Novice: 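Okay, here's the structure, questions in a sec.
A, B, ... follow the sequence lines: proteins, then strands. Residue 1 opens every chain. Predicted, not measured: the structure shown is a model, and the values here were computed from it.
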Amino acid sequence: MIEYIWKRLLQSVVTLFIIVTAVFLLLRLLPEEGYLGAAADKMTPEQQEIYLTNLGLRDPILVQLGNFYIDLLRGDFGKSITYRTDVPVMDIISDKIMYSLTFGVAAVIVSILIGVPLGILMAQFKGRWLDRLGTGYIVFIVAVPSMVYFLLIQVYITDFFNLPMLFDEDRPITWVLPLISLSLGPIASYAMWMRRYMVDELNKDYIKLARAKGVKERTIMFRHVLRNAFIPLSQYLPATILLTITGSIYIESLYSIPGMGGLLVDAIQRQDNPLVQALVLIFSSLGIIGLFLGDVLMALVDPRIKFGKGESVR
Amino acid sequence: ACSEDEEETKEKESVYRIVYSGEIKTLNYLKTSETNEFAVAANLVDGLIEYDKYGVPQPGLAESWESNEDASVWTFNLRKGVKWVDYEGNEVAEVTAHDFVDGLKYVLDAKNESSTAWIATVVKNGSAFYDGEITDFSQVGVKALDDYTLEYTLEGPTPYFLSMLNYVCFFPVYGEFLEEKGDAFGTSKENFLYNGAYLLTDFEPQNKRVLTKNPTYWDKDNVFIDKIEYKYNKEAANVAPELFLRGEVDEAAIPTAILDDWFNDPKKKDLIRQSTTSFYSYFYAFNFDPQFDAEYEPENWKVAVNNKNFRKSLFHALDRVSAMLTEEPYEPESLLNNTITPKNFVDVDGVDYTQLEPLAKFTNNDSFDKDLALEYKEKAMAELQGKATFPVKVLMPYNSGMPDWANRAQVIEQQMENLLGKDYIDIIVYAGPSTGFLGEIRRPGKFAFMEVNWGPDYADPSTYTDPFTTGGTYNKPELAEGYTDTNGQPIYDNMVNKAKAAIDPKERYPLFAEAEAFLIEEAFVVPYKVGGSGYIASRLNPFDAQYSQFGVSNEKFKGRKLLDKPMNNEQFKEAKAQWEKERAQALAEAK
Amino acid sequence: MGDREVLLEVKKLNVTFGKGKKKFEAIKNVSFQIYKGETFGLVGESGSGKTTIGRAIMRLNEVTSGEILFKGKRINGKIPKDWDREITQKIQMIFQDPMASLNERAKVEYIISEGLINTKKYSNANERQEKVRDALLQVGLLPEFASRFPHEFSGGQRQRIGIARALVMEPEFIIADEPISALDVSIRAQVLNLLTKLQQQKNLTYLFIAHDLSIVRFFTDRTAVIYKGNIVELAETEKIFSNPLHPYTRALLSAVPEPNPYKERSKKMEIYDPSQHHYDKMPPSFVEIEEGHFVLANEEEVERYCEILKMGVSM
Amino acid sequence: MKETKEKILSIENLVIKFSLRGKVLTAIRDVSLDLYKGESLAIVGESGSGKSVLMKSIMGLLDKNGYIAQGKILYQEKDLAQFKTEKDWLKIRGKEIAMVTQDPMTSLNPLKNIGKQIEEAVVLHQGLKGKEAYEKVLQLLRDVGIQDPERRYKQYPHEFSGGMRQRIVIAIAIACNPKILICDEPTTALDVTIQAQILNLLKTLQEKYQLTTIYITHDLGVVAKVADRVAVMYAGDVIEFGKTDEIFFNAKHPYTWALISALPQLGEKGKELYSIKGTPPNLFKEIKGDAFAPRNPYALKIDFVETPPYFKVSDTHFAKTWLMHPNAPKVEPPEVLKKFFEEGRLYAHGG
Amino acid sequence: MGLYSEEIRNITDKSTEQLFEFAAQDEDQAEKIGYSNYSYWRSTWQSFLKNKVAVTLLILVLALVLFVLIQPYLPNQKSPTEIYLDPDTGYQARNVKPNEDFWFGTNSIGQDLWSRIWAGTRTSLFIGVVVAVVEAIIGIAVGALWGYSRKLEGTITHVYNVFENIPTIIVLILMSLILRPSISTIIIAMCITGWVEMARFIRNQIVILRDREYNLASRTLGTPTSRIILKNLLPYLISIIMLRMSLAIPFAIGSEVFLTYIGLGLPVSEPSLGNLINEGRVLMMSPDLRYQLLFPSIVLSFITISFYIIGNAFADAADPKNHV
Ligand SMILES: Nc1ncnc2c1ncn2[C@@H]1O[C@H](COP(=O)(O)OP(=O)(O)OP(=O)(O)O)[C@@H](O)[C@H]1O
Ligand SMILES: Nc1ncnc2c1ncn2[C@@H]1O[C@H](COP(=O)(O)OP(=O)(O)OP(=O)(O)O)[C@@H](O)[C@H]1O
Ligand SMILES: [Mg+2]
Ligand SMILES: [Mg+2]
């Protein structure tokens, strides 16, 4: 077990290293113009040159990379260039992460609380109206562009209930709509997966034996199927939770939620390299940790899995 | 939140709320040159001078000033008792002349990457210090003669220097504080000192910022809005109108797309008016140094663009009203600009610069003229026969991040091709990158005919003639064939230099107007419009703001009052006419 | 008997799976010979290593140590390309599960001609078709079945397709790994008949793996009994049945149900208890106790077994 | 052999159909069968003959697309064929009739420990709780021959070998305290040695708990070992039934003959083993006459026209073949069989 | 017991003498009974045809594709990029409501929405199909190697981990910034990230399949790995591949919409569902103009739902378990 964790950890570090390096190099392919922004027009070429040199962009690429890693090892993620000049990247991120975390976790909880039971019920009443209704919902969510219904929800529901349109952390009521919007998608996907795993599980032999034992259908559902169906889900759960933290770019922009969603987009578009690099590091780590936790969680719920026995790639 | 109990005692607080989508990167006014950034600083920090609502310079931190004969040495007497305070209003220090020296020193230090340093080089040895040629700052032309006397020595005669002081690079900074904070200066409300009308009491980037009236402000009786609340929303353009209707904000720009809807709704109709224009000038430029891909035939373009008749045919063929309809469908003419320098920029004895003799004929006539266009086309066809291949490919890029521009480009393509005939020109609308557009397209010359813009750097006509002199990165008219003067310089450069040599506006301005007229007459550019567009719903009165063509004054909330009801368009026009009248008077008085 | 031509020889074969703590010795020092033309049975309980031996010969499992010789030449480890190709063709396998061992998404024609395509012996498509036809006829299927898919066939027919697939290669040696375990009684007979017929026609040699001794008795000439990776007894089949010596063999024999209610009810099961051996004191070896009859025993046990043999006591 | 003759379960003219993508498949065609208290009945027949479907219908566990088209299943004066709701069935399943399934590898919930899975049945059907239930489970584990039950209780299925898992499945069935125990091919997946152990175990348990048992198998060796009575099925129909020795040594239906003849024990080395030609009929099509006729070397013309009735061989032995009709030509079973029959009868007298 | 005896009596009367003769045994006949003439693809197709909804949608989608392709050549069609002028004012016919001239109305600069929507659908479908195909090809190739080759497994797993953990939007945005906004940029950006899922999927399936006995059988016959993958493994995956591909199409279109939203989509001069919806989004607040959003949304939803349902129905139908 310990050995396994070490190995996994080492692997993850290598993966992270590759990812961060790749993104680092990709960022250097961006046009230099981006670093100057609107100011470029009024700067003389010499001034621009000084500016770019000060940013370190004139060093040989390997030197830049080396400096980057040295700083990183010192725990210095650098300072933002074009997003919030001279503000340490970590300060920017830490300002936002709480919002995203709160919304993300809340949305995951809401969507699990609604999506999972929905999926269970759909599986139990497979082919009947509830199942159809649920499927209709899922198809709707998949099919209709979310930016259309998010905006409709925001405008009409706030209008109908006379709520403020924008998010205001001090007013609990303004948390509700973004949360609902944020959960609509995950609810659909949880319901869909849960239903599928339940149906798969229901077709297994041990269910037949349980029935033959005289166990009630409902008991079968909850005591046998549910937990087993949760296993494939459990593997993805931490990853989904962690990734929900990144938030929905669109919802955050609509409701003025100062979360991480738009940060990444903004950071890349503004070519704020240190910020992008830190974000990539964070997101990738989250992904990798998520995967790892998923495996651990799975091993916890599934007695069949022992660590170290064959490296499973999900 | 802390103001709740105050409300009962005081009369109702005047709060102005707005949503915005462009966040500022920094509060460091010594570094930035971006409007939305220095717009914040303008309310937090005062400079030496400010303007009144008609554009007449008024004392700011300087109570009085004088300059020498040729306007190359300027002396300012500072107001006493003005304090630097922190965001909670606690006094930190007094504002002295040294603070201006410290500010300029910071700006001119290359390692601080100030993007406004180039303006500050007007000061003697500023450029040399910036380039590191001299390291002793005392040789630079700024001196604190004592705590309350400040002297600027300039590189040369600069009659418009006063207008430059309205720019952030000449703002004061409390040197000790700046040193203490280092790079962190201006990164948060705490890392900042205030001497202006407002304090930044809340600053959460990408979330909100709140400006609260500064109780220690030297001129606090002229500050009427108690609080300005900015709420960030990336979709501001889409949600702001709705927020305005619900009374959640006090200003909203109304996107062109939904204008009809507002105008057709009697309830909404009275809420909106045209927005005021800016001094940004937009024009279509003919590129004399085409560097684009062979597929768009740069050589052929070069031949064509060097033919005056060809240029003139395009010049007269551009239906600017039709293009303008994409952003201002109701009164497109109101935004059009027939010269490069917009109206109301400078004047000679109350005569607006654009009405000076060389420019007046352009100012008062629309360049669009079908018949002329076709006439010139015939001539050009005849002259270019055998030299250029027709149709001439006209590469016309636009920024793909700007949907309005994309629309405009499509409209123009169709309109000009239809008028001049597809056998004559083939306009190629090309989507440029959304970031780094200028660096990718305009500066390297990867266009044939393109919409470009320019904003003024100080209140002098030379600011608008600059981009077209040798070394400019616009359309390189110096490369135009047949425009070399006897001294081997481009005719245009000579005209500009001659104008620059004159100091008295009466002499100076007409010379610049001549140069500008030359550009238009020879069809090097097609003037198009002024900046600022569309309609807004706002509880602000646009005519009580400080008026300056350049710099930060007009971003100040000082002196502004909230209206109970937003102006409608009729009221706006009335008020505008009124204001223009009053302004002419005020300007005349000021002389 | 000793003069018969040895077709396949396994010498001191060891197969180990896994590494470190999870190391598992599946085959321990196994040796035997298979003569040309005979049917050699391999019986033992599940997990005893039967399949592993078969796969080691097929080169599907790697050999840890020991040698496998075919016609006196080594076939395990690194071998020349030509030889590899030759034995690919000469040694063929019939699999246990007739459904799982056929590619459901391929037509019978492809399944059968697959080996031919690989050896490039019959590059001509027509020739191959002809071969497939012959093979189908040989296993008692109609040539027009060639264009069908496996799941259109019954279990017995599927197994015949599997046999045809091996046959087209014109093998000399066939490993049949429980070829009938998955089939029900009536179909078993079909397949066994077919295997017998083919052996007679083509002088094939079989390694027949099973756990049902009644079938082994009917079908094989000589039999090896394997227990946990060791061969515990090897002799002519009839001898094993008439004179089982090793207690495990006896247990196995007693476990096979007889299709006779009277016999079955009176039968007593013997249970094999490995702790009856005292191998820590006296390690066993594989001894030839009478001609052609080998048993794994230590000296003490050898004596006892000889006793039994002399007395001629059988089950 | 018990001669009580008290019927515990009675199937009458049962027809079971499946609808499959618009087509209808008849899996059980007009089957009638009685089960007597305390006996052990074996149902044999080749794969696909409907053995499992028949048993599932007794437990109400037919797949969703299957339905009883006709007939009755009488158990304690109730017609199980009429049961519709889950509530009805819960009175039967486990409590009255329990089942041991074929595949021990997949029949246990991989995520619950063995003890809990048995305990579920104990709690449900024996009304025990807590410590008592736990004790009972340990008892059951011991009963099915699992050593060290306290430790095993906490283990999960994957820690058990196939044979042991099958024991657990049996323990679960026993834990229900049923009257009837259905064993659907309980040993097919196991090898001979384990098979023998399991069969012995089942037999002891049957006696100990006085169960009525139904074995489903296609292995006649297993039948010989465990059954009192045998029913032979072919293509969804019981074509012959009788006491075990009657079926083994006095079979009348040509299919039963074929089944026995195909035993390798009857074969002679080097010679052909008897085998049945052809394949079973397509159940989607209507079967006219004797379903076995097309593969029957003794087929009469009437076999293709009319379904034969049951002809009585003895009070306990019936066969559904026209060969038993007085008008039919006399046919002898094949030679090998005759020898086998002789031998068997000898045993009968000797044993 | 009475049951059985009764029947015997009845039967004896019915039967006539001559029926009790041996019938001639026909061995071939015996073999043939019980077969249906079965073909995999035909059965797949037939099962698919039974799903009425899916068939209807398939027909509609095909009709849509066909229509989108021939639409420009139909009579009375307008150009998707031409700006139409109002004959009265001589200026652009802006925001004209649907009428007999402009069937879906015009947009804010007077372009005909009817033809824009079909041009947009054409572009978006093209992007979707190309992305789906490229993803499938790369995904299958990598996935097959990954699953089958034990040698490459470690390396590919690593590559996978890298690709999987770079947030997709980063790649999408970076690609769009580095390259120019254009159809090929969008396709490249989406393919770079898209194949990963497919590859993992294929690999998982292949790992399940690769040790099946029939593959061992092929190995004993000396079949080269490439052919084992091609003949033994991929055919099993075809239904899943089709399902995933059919879902990839709407997904790609969705991504295009997203890219357009963050400002990296196709230029407006190149109509696509993405920029049509993005343009329309702004108008949602004005009831009068909402039609501009409505039509492209309907087309997008229709495509998504159709492919979703068709893909699922096809996967069901391709599963031999569901064949009769
Ligand atoms: N690839 C493998 N990795 C690890 N262990 C293996 C592997 N293959 C087989 N074994 C182990 O080797 C032993 C022998 O297996 P083998 O399949 O040869 O038995 P068998 O006698 O054929 O059994 P059965 O009758 O069930 O087919 C078993 O314990 C099995 O678990
Ligand atoms: N759910 C179902 N849908 C359709 N047909 C079915 C279903 N279940 C069983 N059948 C069919 O019913 C027939 C009888 O099946 P059954 O499982 O009873 O056979 P069996 O005698 O138990 O065979 P085996 O010995 O292989 O277990 C078979 O032809 C089978 O295909
Ligand atoms: Mg095996
Ligand atoms: Mg069965």
Novice: Measuring from E/Thr304:OG1 to A/Ile141:CD1, what's the distance to the nearest 0.5 Å?
Specialist: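 Between E/Thr304 OG1 and A/Ile141 CD1, I get 12.5 Å after rounding to 0.5 Å.
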Novice: Can you tell which part of A/Ile282 gets under 4.5 Å to a heavy atom of chain E, answering side chain, backbone, both or neither?
Specialist: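 No part of A/Ile282 comes within 4.5 Å of chain E.
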Novice: How long is the gap from CD1 on A/Ile288 to CG on E/Asn161, to the nearest 0.5 Å?
Specialist: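 So the gap between those two atoms works out to 7.0 Å.
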Novice: Chain E heavy atoms under 4.5 Å from A/Phe140: which part of the residue, side chain, backbone, both or neither?
Specialist: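 For A/Phe140, there is no contact with chain E at all, as no heavy atom is under 4.5 Å.
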Novice: Please flag which part of A/Val20 lies under 4.5 Å from any non-hydrogen atom of chain E: side chain, backbone, both or neither.
Specialist: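 Contact with chain E is absent: no heavy atom of A/Val20 under 4.5 Å.
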Novice: As an exercise: rank A/Val144, A/Asp266, A/Leu264 by heavy-atom pairs under 4.5 Å with chain E and give me the winner.
Specialist: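 Of the candidates given, the most pairs with chain E belong to A/Leu264.
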Novice: Please determine, among A/Leu279, A/Val265, A/Ile268, the option with the most heavy-atom pairs under 4.5 Å with chain E.
Specialist: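 It is A/Ile268.
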Novice: Would you indicate whether A/Arg132, at its atom CZ, is surrounded by more than 12 heavy atoms from other residues, nucleotides or ligands within a distance under 6.0 Å?
Specialist: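 Not buried by this count: 12 neighbours or fewer within 6.0 Å.
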Novice: When only pairs under 4.5 Å are counted, which of A/Leu26, A/Ile19, A/Val276 shares the most heavy-atom pairs with chain E?
Specialist: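 Highest number of heavy-atom pairs under 4.5 Å: A/Ile19.
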Novice: A/Phe17 versus chain E, heavy atoms under 4.5 Å apart: side chain, backbone, both or neither?
Specialist: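 Contact with chain E is absent: no heavy atom of A/Phe17 under 4.5 Å.
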Novice: Would you please go through residues 243-259 of chain E and name the residues with a non-hydrogen atom below 4.5 Å from one of chain A, in numerical order?
Specialist: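 Residues E/Val257, E/Phe258 are the ones that qualify, each having a heavy atom under 4.5 Å from chain A.
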Novice: Against chain A, label E/Ile305 side chain, backbone, both or neither, depending on which of its atoms sit under 4.5 Å from a heavy atom there.
Specialist: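 Both parts, backbone and side chain.
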Novice: Side chains of A/Gln11 and E/Thr157, heavy atoms from C-beta outward: is any pair under 4.5 Å?
Specialist: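 No, their side chains stay 4.5 Å or more apart.
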Novice: Is A/Thr15 close to E/Glu164 at the side-chain level, that is, under 4.5 Å between some pair of heavy atoms?
Specialist: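 No. Closest side-chain heavy atoms not under 4.5 Å.
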